[in-house]
Number of protein chains: 4
Amino acid sequence: MEFKDSKGIFQQIADNICEKIISGEYPVFSKIPSVREQAAVMGVNHNTIMRTYMELQRENIINNQRGIGYFVTEEAPQRIVQLRKEEFFRHEMPEFIRQVKLLNLSQEELKPLFDQLNKQP
Amino acid sequence: MEFKDSKGIFQQIADNICEKIISGEYPVFSKIPSVREQAAVMGVNHNTIMRTYMELQRENIINNQRGIGYFVTEEAPQRIVQLRKEEFFRHEMPEFIRQVKLLNLSQEELKPLFDQLNKQP
Amino acid sequence: MEFKDSKGIFQQIADNICEKIISGEYPVFSKIPSVREQAAVMGVNHNTIMRTYMELQRENIINNQRGIGYFVTEEAPQRIVQLRKEEFFRHEMPEFIRQVKLLNLSQEELKPLFDQLNKQP
Amino acid sequence: MEFKDSKGIFQQIADNICEKIISGEYPVFSKIPSVREQAAVMGVNHNTIMRTYMELQRENIINNQRGIGYFVTEEAPQRIVQLRKEEFFRHEMPEFIRQVKLLNLSQEELKPLFDQLNKQP
DNA sequence: GTGGTCTAGACCACC
DNA sequence: GTGGTCTAGACCACA
């Protein structure tokens, strides 16, 4: 996996796992890969994965059954979506709108955006 | 000026100056505040401003006339808009769309967004 | 290490590192000394080394693996030689020739130069 | 006139004048352009020219007849050539040789150099 | 342990 | 007055 410089690696991995949970790849109650396994897959130090898992555990997104592994909690998908929505409406959307206005983008240039947003729902 | 934690102060100042350039507050060819003057205004160390100015110079947004000061280049506004548009279409917009789809936002929730984007133009 | 006044210390250190790379002392993919270690060895402040490393990184001569250190890139030796050759043929050599002609040096005076240049190859 | 960043502007102007002297453009005993005139031609502040002339005067390359102007001294050409030759053999030539060896330039690549050096004398 | 950023203060050369 | 560089020391996030 490749990482950006702007955010911590552990953060990026946490986001990645969260997305796997809400997309259904890691279902509720399922066991996620062990620390060492995940570290190998991601190509990072296992301490980094350790930190990721601890943060996720602190937010009740996964929990630990000692000696067995980490499991997706029942409330995980709901919590993740809730946190992200808050973040989205508080920061990301306003900032996005600000950018569009600042760059003075034309309707023409924004068409692909509207097309995408109107697609499926 | 107040700063966020997520990005470096020197970066935020650079962004701020860029916005002053494209808004016309710092016109093309005009002299921008001296390093130490800017430092005083922004309430930061002069080294921090130095770094800001050097990064902007590397991007040909300002240039230096020795012993006199830094000046907005002729191509500055165009370059800034170009750089930001590239960034927008390459990363910000796709990421924004990805978020919207991932959170499975309803048309109802997106209404404020459309309203804002359709406002002025 | 001792430094000349004419060029910045950070520049001289950068040149020094480049020469260590093309001489093979710092092989491709190897880790170079950490910022603070290098600072101690060179007898300068760590900020100075930081600047050196960042300039070298911008030129793709070294890269950073977060929390681990700086590493010599695969393309480093080739890039360094290429950059220096360009500089040599574009500026140093013409300027050298210009000097020789301006000073109207005799063949006699230039003999040591020819001897040196014809030595090994 | 255009200036490099590496050396002071006043230095570059001094060098330029010295070259005009040894090339004969400014003959011995002749009057060189006035401070303000030179400043206009070079596109720099007259203080900068003032400093240039004072340095040249300090080295007995020009002298000042008050109210009339600056004149090339009799000994100027000889002094300039002497100073430059010293500099050449002490620093420039050894450094040049070092570069050539470091870049491991082939006889092929050096041919233009030899051609130029063997041309006229 | 690693890099990264910032501050405070000094000193220099140059215009 | 301008920029430019360096030092010393602090603090932080990350691996």
Side-chain angles (χ1 to χ4, degrees), chain A residues 3 5-14 35 39 42-52 54-55, chain B residues 3 5-13 31-40 42-55 57 62-71, chain C residues 3 5-13 31-40 42-55 57 62-71, chain D residues 3 5-14 39 42-52 55:
Chain A
F3 302 101
D5 271 16
S6 45
K7 269 195 286 186
I9 291 179
F10 80 96
Q11 250 311 339
Q12 296 177 55
I13 295 174
V35 170
M42 295 294 197
V44 301
N45 190 293
H46 63 270
N47 288 317
T48 306
I49 301 295
M50 200 61 227
R51 174 155 181 198
T52 301
M54 275 167 46
E55 302 268 339
Chain B
F3 301 101
D5 271 17
S6 47
K7 269 195 285 187
I9 292 180
F10 76 95
Q11 246 314 338
Q12 296 179 54
I13 295 175
K31 178 178 179 301
I32 64 176
S34 79
V35 172
R36 285 162 163 84
E37 194 180 334
Q38 189 78 270
M42 294 294 198
V44 301
N45 188 278
H46 64 267
N47 287 319
T48 306
I49 300 294
M50 195 69 229
R51 177 159 181 195
T52 300
Y53 281 14
M54 277 172 57
E55 304 263 339
Q57 185 176 30
I62 60 180
N63 64 22
N64 176 257
Q65 295 180 224
R66 302 202 357 202
I68 306 182
Y70 282 91
F71 295 78
Chain C
F3 302 101
D5 270 17
S6 47
K7 270 195 285 184
I9 291 179
F10 76 95
Q11 247 312 338
Q12 297 178 54
I13 295 175
K31 178 177 179 301
I32 65 176
S34 78
V35 171
R36 286 161 162 85
E37 194 180 333
Q38 190 78 269
M42 295 295 198
V44 300
N45 188 278
H46 64 267
N47 287 318
T48 306
I49 300 295
M50 196 69 229
R51 178 159 179 196
T52 299
Y53 281 14
M54 276 172 61
E55 305 265 337
Q57 185 175 29
I62 58 179
N63 64 22
N64 175 257
Q65 295 177 227
R66 300 201 0 203
I68 306 181
Y70 282 91
F71 294 78
Chain D
F3 302 101
D5 271 17
S6 46
K7 269 197 285 188
I9 291 180
F10 81 95
Q11 248 315 337
Q12 297 178 56
I13 295 174
M42 296 293 198
V44 301
N45 190 292
H46 63 269
N47 288 317
T48 307
I49 301 295
M50 198 64 225
R51 173 155 184 200
T52 300
E55 302 268 340

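Keep in mind that what you see is a predicted model, and the values were worked out from it rather than measured. Every chain is numbered from 1 and lettered A, B, ... according to where its sequence line falls, protein lines coming before strand lines.
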Any Phe3(A) side-chain heavy atom under 4.5 Å of Arg66(C) side chain: no
Of the listed nucleotides dC6(F), dG4(F), dT2(F), the one nearest the side chain of Ile9(C): dC6(F)
Nearest-Å distance for atom pair CD1/P, residues Ile62(B) and dG4(F): 9 Å
Whole angstrom value for the distance that separates C1' of dT7(F) from CZ of Phe3(C): 13 Å
Given DNA chain F, 5'-ward residue of the pair Gly67(C) and Ile32(B), judged by closest heavy atom: Ile32(B)
Heavy-atom closest contact (Lys31(C) atom, Ser34(C) atom, distance): NZ-N, 4.0 Å
Atom-pair distance (OH on Tyr53(B); P on dT5(F)), nearest Å: 16 Å
Which nucleotide in dC14(E), dG3(E), dT5(E) has an atom nearest any side-chain atom of Arg66(B): dC14(E)
Asn45(B) CG to dT7(E) P, straight-line distance once rounded to whole Å: 6 Å
Asp5(C) (side chain) and dC12(E) (base): donor-acceptor pair under 3.5 Å: no
Atom pair distance, as rounded to whole Å: CD in Glu55(B) and P in dG4(E): 12 Å
Phosphate contact (dT2(E) OP1 or OP2) by Arg36(C) side-chain N/O below 4.0 Å: no
Integer-rounded Å distance: dG4(F) C1' and His46(B) NE2: 9 Å
Minimum-distance nucleotide to Phe10(C) side chain [options: dA10(F), dG4(F), dC6(F)]: dC6(F)
Strand partner of dC14(F), provided both Watson-Crick or wobble distances fall under 3.5 Å: dG1(E)
Length of the line joining Lys31(C):NZ and dG1(E):P, which is rounded to integer Å: 12 Å
OP1 or OP2 of dC14(F) under 4.0 Å from side-chain N/O of Arg51(A): yes
Smallest separation among heavy atoms of Asn45(D) and Asn47(D), with atom names: OD1-N, 2.7 Å
Earlier contact from the 5' end, DNA chain E, for Lys7(D) and Glu37(C): Glu37(C)
Spacing between Gln38(B) atom CD and dT7(E) atom C1', to the nearest angstrom: 17 Å
Contact check, side chains of Arg36(B) and Ile49(B), non-hydrogen atoms, under 4.5 Å: no
Touch class at under 4.0 angstrom, heavy-atom based, for Val44(A) against every strand present: nothing
N/O donor-acceptor pair, side chain Asn47(C) with base dG9(F), under 3.5 angstrom: yes
Check: Thr52(B) side chain, Phe10(B) main-chain N or O, donor-acceptor pair, under 3.5 Å: yes
side-chain N/O Thr48(C) vs dT7(F) OP1/OP2, d < 4.0 Å: yes
